[in-house]
Amino acid sequence: MLKGVIQLFFIILGGIIGYQFGSSLFAMFDFWNLGWLQEYANYVGAGSGALIFLVIGLILTNYILQFIQWVEERIVKLPLTDLVFGMVGLIMGLVITMLLPLDKIPLVGNYFDILFAIVLGYLGFQVGFRKKEEIISLFSLGKKSKHEKNVQQDYHHKILDTSVIIDGRIADICQTGFLEGVLVIPHFVLEELQHIADSSDVLKRNRGRRGLDILNKIQKELPIEVIIYEGDFEEIAEVDSKLVKLAKVLGGKVVTNDFNLNKVCELQGVPVLNINDLANAVKPVVLPGEELNVQVIKDGKEDGQGVAYLDDGTMIVVEDGRNNIGKHIDVIVTSVLQTSAGRMIFAKPKAYEKAL
């Protein structure tokens, strides 16, 4: 269908050009000695032009179709916001061209109109397309400034990074209802997750597929709103930097368990929710002097030490516990150390306390 339309366009265009310039062309080649040609010059020109452009159309149609399909694929892949802002920028560029008095320039004024329309239209599209996030944040900043004295910022959007999706605990947290608002899953995070799921490394591939299963569960089974953010920051290469930028644009919080991303967010003033911090915060509180019954699992780093674990995974270093490996013993907590990696408990066997 489209192929026929293109060929018909070339035929009509050739006919119009031949009709308009047929007489002049025949006069140029001194064909007027044929009397009948002089009388029907315009019609002969139209027919000749249509025939010539039909041949040109047959040659160029496939190339034009390929170009149209390429443009169509690019447009379809563009997020709606990118396309809208790009078109707004294009229109603004064309409006500026119309306001410039270029047609008053002698001889070349009309050509300057065309040139500036192309250049400013292109620049307008690029500015609108690439700077849409800054434009949105500028308008939102203007709205906030009117009420910033009375209203605190509401971090309604929770932006998930790749690590927290693969970790999987985010689904359980959402199910309990402790996480409110809207979960935002950026498209560039989905692409990274897909890349991991397609990895040749078995471990990475399983982690990536687990992450995709977690997202599917969150979207279909949990009572929380989930949106896919289609935009991208093409000028930024790193996914972590894109997450920080997106959090600033949306006024949201980054949800992660990545220690480095956590630090970057803190340095740039972006609120962050760290799943590991939450896990450490809800672990049972153990105070020095309390008694516990534990099973010594393995040797410790220091001489004579044994290592045990609580049900939540907290490590307990038992003084002189090596002789009790594999046994359940009563111990007394001597001290608790909180580190960035988690909580560590130091204890000694209760039998030693009785001996003293």
Side-chain angles (χ1 to χ4, degrees), residues 1-3 5-17 19-21 49 53 56-57 60-61 63-148 153 156-157 184 186-188 227-237 241-242 244-252:
M1 177 65 181
L2 184 58
K3 187 175 183 179
V5 171
I6 294 172
Q7 291 174 351
L8 180 62
F9 168 78
F10 271 98
I11 293 172
I12 294 174
L13 179 64
I16 293 173
I17 293 175
Y19 186 85
Q20 292 290 330
F21 300 100
F53 272 75
I56 296 174
L60 297 180
T61 297
Y63 297 104
I64 295 173
L65 283 174
Q66 290 176 5
F67 176 74
I68 292 174
Q69 290 173 356
W70 178 79
V71 173
E72 181 184 354
E73 290 174 0
R74 298 277 299 198
I75 292 176
V76 169
K77 288 180 180 179
L78 280 176
L80 182 60
T81 53
D82 292 358
L83 188 60
V84 170
F85 275 90
M87 293 305 297
V88 170
L90 173 62
I91 293 171
M92 290 181 65
L94 295 177
V95 169
I96 293 173
T97 304
M98 293 174 61
L99 295 176
L100 295 176
L102 299 173
D103 55 339
K104 295 182 180 180
I105 301 175
L107 300 178
V108 295
N110 292 332
Y111 301 103
F112 270 30
D113 265 340
I114 298 173
L115 177 63
F116 271 73
I118 295 172
V119 172
L120 292 181
Y122 173 78
L123 291 177
F125 181 86
Q126 289 295 328
V127 170
F129 176 75
R130 295 182 181 275
K131 297 295 182 181
K132 63 182 183 302
E133 288 84 9
E134 286 83 350
I135 296 172
I136 293 172
S137 61
L138 182 63
F139 281 106
S140 63
L141 182 62
K143 292 179 182 178
K144 289 175 186 175
S145 63
K146 297 178 181 179
H147 309 285
E148 60 186 355
Q153 189 172 10
H156 190 59
H157 294 92
V184 180
H187 190 264
F188 50 82
I227 61 174
I228 306 296
Y229 182 81
E230 296 288 349
D232 199 353
F233 304 92
E234 295 183 357
E235 69 277 9
I236 302 175
S241 301
K242 290 183 179 184
V244 173
K245 180 72 172 179
L246 179 58
K248 289 181 178 180
V249 170
L250 297 181

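Numbers here are sequence positions counted from 1.
Distance CZ/F53 to CG/L60: 10.0 Å, rounded to 0.5 Å. Rounded to the nearest 0.5 Å, atoms OG1 (T61) and CD1 (I56) are 11.0 Å apart. Taking CZ of F10 as the start and CD1 of I64 as the end, the distance is 4.0 Å to the nearest 0.5 Å. Interatomic distance, L13 CG to L8 CG, rounded to the nearest 0.5 Å: 11.0 Å.
With contacts defined as side-chain heavy-atom distances shorter than 4.5 Å, the pair H157/I227 qualifies.
Residues K242 and I236 approach most closely at CE-O, 2.8 Å, considering heavy atoms.
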